[in-house]
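Before any comments, here is the structure.
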There are 2 protein chains.
Amino acid sequence: MICPFCEHRKTRVVDKREGNDVKTIRRRRECLKCGRRFTTFEKIETLDLLVIKKDGRREIFDRAKLRGGIIKSCEKRPVSAGDIEKIVDESEAELRKINASEILSKKIGEMVIKRLKKLDEISYIRFASVYRQFADLSDFEKELSKLSKGLKNK
Amino acid sequence: MICPFCEHRKTRVVDKREGNDVKTIRRRRECLKCGRRFTTFEKIETLDLLVIKKDGRREIFDRAKLRGGIIKSCEKRPVSAGDIEKIVDESEAELRKINASEILSKKIGEMVIKRLKKLDEISYIRFASVYRQFADLSDFEKELSKLSKGLKNK
DNA sequence: GCTAAAGGCACAATATATTGTGGTCTAATT
DNA sequence: AATTAGACCACAATATATTGTGCCTTTAGC
């Protein structure tokens, strides 16, 4: 742990207790160079992200909710729970990498869509239609007809 | 560290590396009960708080900025750097305890003011006038005359 | 102006984390 | 299709953190 005062890279733990939240660990550390003390918190990896919905309202990113939407799109389709969990995991990781504090729900939809598309075209179309990823109705119909042609050719 | 899956209280560290940010530690932990693994991050205590300014604009809470304002108010007054640091520390701790994501700058002003008042009346008046803690000019004058009477009686 | 709650500090016996090295896997890139 | 970067995993030797206990100080609530 780097000292926040002098940037030195060696510190020692002086005390460790449970944080305010039972799910966090608070440590008191001391820099081995400058001797100053500071506090750190260890927490489970979280994604604190405000999702901007189409109507402009914001709500906290909810992994379970995202998963729910995907499950619905995959009803009676050959997509396993494991597949879905993987899509959620990967999308969440992608969101984490972006490191934004807010994001348009549409962007999240796109992340799921690009993964779902590789797995099952029907699920993908269902999901995309819910997330209204198509600019207008003609785009949607175009996508549908492309899909039905593709299926016939198999 | 509590297991996020089964809530068990015993986990072991399986791996520990530097986080993306050099200032964080990433640990991979394993629950001793259910065996599932998860990731945690240890970071230096921070205060991520949006300060709502009088004109409605928001900006990230900045400890150095707050300290600067206090220093200005204490110019040529018998208030030590240590005193000021203590006021900043305590106010910051108070803000942390509130645990809000946004706060009116006025509220922060009040926290500083109640501490500064105990230390030095002149500094307090200067600081309060900058933060416009008085509803109108008459309040300000009232405060000033109270103060000057108090000083004469000593 | 008392009391409780929280954070900070210290210490000593014990248990656990850390470090380096290196392999695997996947996603993104070229 | 090959390459790179990041996360994950494993292991073994070493160094460090953790736990309990208890005391002090400060702030908040009565």
Side-chain angles (χ1 to χ4, degrees), chain A residues 1-5 8-22 24-33 35-42 44-47 82-83 85-99 110-119, chain B residues 1-5 8-22 24-33 35-42 44-47 82-83 85-99 107-108 110-119:
Chain A
M1 176 64 64
I2 289 190
C3 170
F5 303 107
H8 188 63
R9 308 183 77 91
K10 296 272 179 189
T11 65
R12 74 183 185 103
V13 175
V14 155
D15 197 11
K16 177 242 187 183
R17 306 288 143 175
E18 185 174 278
N20 263 328
D21 181 349
V22 201
T24 72
I25 293 176
R26 179 175 65 238
R27 289 187 182 81
R28 193 80 182 141
R29 310 189 82 123
E30 182 179 275
C31 175
L32 294 185
K33 190 177 174 200
R36 276 176 282 196
R37 292 183 168 194
F38 58 97
T39 302
T40 65
F41 286 95
E42 181 178 350
I44 291 161
E45 181 174 41
T46 58
L47 182 57
D83 290 336
E85 206 58 28
K86 190 160 172 255
I87 293 176
V88 177
D89 278 348
E90 288 178 11
S91 304
E92 203 182 303
E94 192 174 345
L95 288 168
R96 222 184 296 281
K97 196 166 280 178
I98 290 171
N99 197 27
E110 280 162 12
M111 291 176 186
V112 172
I113 281 165
K114 78 178 174 196
R115 292 180 169 88
L116 209 45
K117 198 168 185 175
K118 291 183 208 159
L119 282 185
Chain B
M1 176 64 64
I2 288 189
C3 170
F5 303 107
H8 189 63
R9 310 183 75 92
K10 296 274 179 189
T11 66
R12 77 186 183 98
V13 174
V14 154
D15 198 11
K16 175 240 188 186
R17 304 290 142 172
E18 186 174 277
N20 260 328
D21 181 349
V22 201
T24 71
I25 293 176
R26 179 176 66 235
R27 288 187 182 83
R28 192 81 182 138
R29 309 188 82 123
E30 181 180 276
C31 174
L32 294 187
K33 190 179 174 199
R36 275 175 283 198
R37 293 184 166 193
F38 57 97
T39 303
T40 66
F41 285 95
E42 181 178 352
I44 290 160
E45 181 175 42
T46 57
L47 182 56
D83 290 336
E85 206 59 28
K86 191 160 171 254
I87 291 176
V88 177
D89 278 348
E90 289 177 9
S91 304
E92 204 181 303
E94 193 174 343
L95 288 168
R96 220 182 296 279
K97 195 165 284 179
I98 290 171
N99 197 28
K107 288 277 180 191
I108 300 180
E110 281 162 13
M111 292 176 184
V112 172
I113 282 166
K114 77 179 176 197
R115 293 180 168 87
L116 209 46
K117 198 168 186 178
K118 292 183 206 158
L119 281 186

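In the text below, chain A, chain B and the rest are named by the order of the sequence lines, each starting its count at 1.
Atom P of nucleotide C:dT26 and atom CG of A:Asp89 are separated by 13 Å, given to the nearest angstrom. Atom NZ in B:Lys10 sits about 12 Å away from atom P in D:dT18, given to the nearest Å. Atom CD in A:Glu42 sits roughly 13 Å away from atom P in D:dA17 (whole-Å rounding). Rounding to whole angstrom units, CG of residue B:Leu32 and P of D:dT18 are separated by 15 Å. Regarding A:Glu30, its CD atom lies at a distance of 13 Å from the P atom of D:dT16, rounded to whole Å. Between the P atom of D:dC8 and the CZ atom of B:Arg27 lies a distance of 15 Å, rounded to the nearest Å. In this structure, CD of B:Glu90 is placed 12 Å from C1' of C:dG7, rounded to the nearest angstrom. As rounded to whole Å, 13 Å separates atom C1' of C:dC25 from atom CZ of B:Arg28.
Using a 4.0 Å heavy-atom distance criterion, A:Arg17 is classed as a base contact.
Of the candidates D:dT18, D:dA28, C:dG7, the closest approach to any side-chain atom of B:Glu94 belongs to D:dA28.
Around CZ of A:Arg36, the count of heavy atoms belonging to other residues, nucleotides or ligands within 6.0 Å exceeds 12. The environment of CZ in B:Arg96 is crowded: more than 12 heavy-atom neighbours from other residues, nucleotides or ligands sit within 6.0 Å.
For A:Arg26, a side-chain nitrogen or oxygen approaches OP1 or OP2 of C:dG7 to under 4.0 Å. Distances shown here put every side-chain N or O of A:Arg12 at or beyond 4.0 Å from the OP1 or OP2 atom of D:dT18.
Of the two residues near DNA chain C, A:Arg29 and A:Thr39, the one whose nearest nucleotide lies more 5' is A:Thr39. In this structure, A:Asp15 and A:Lys114 both approach DNA chain C, and ranking their closest nucleotides by distance from the 5' end singles out A:Asp15.
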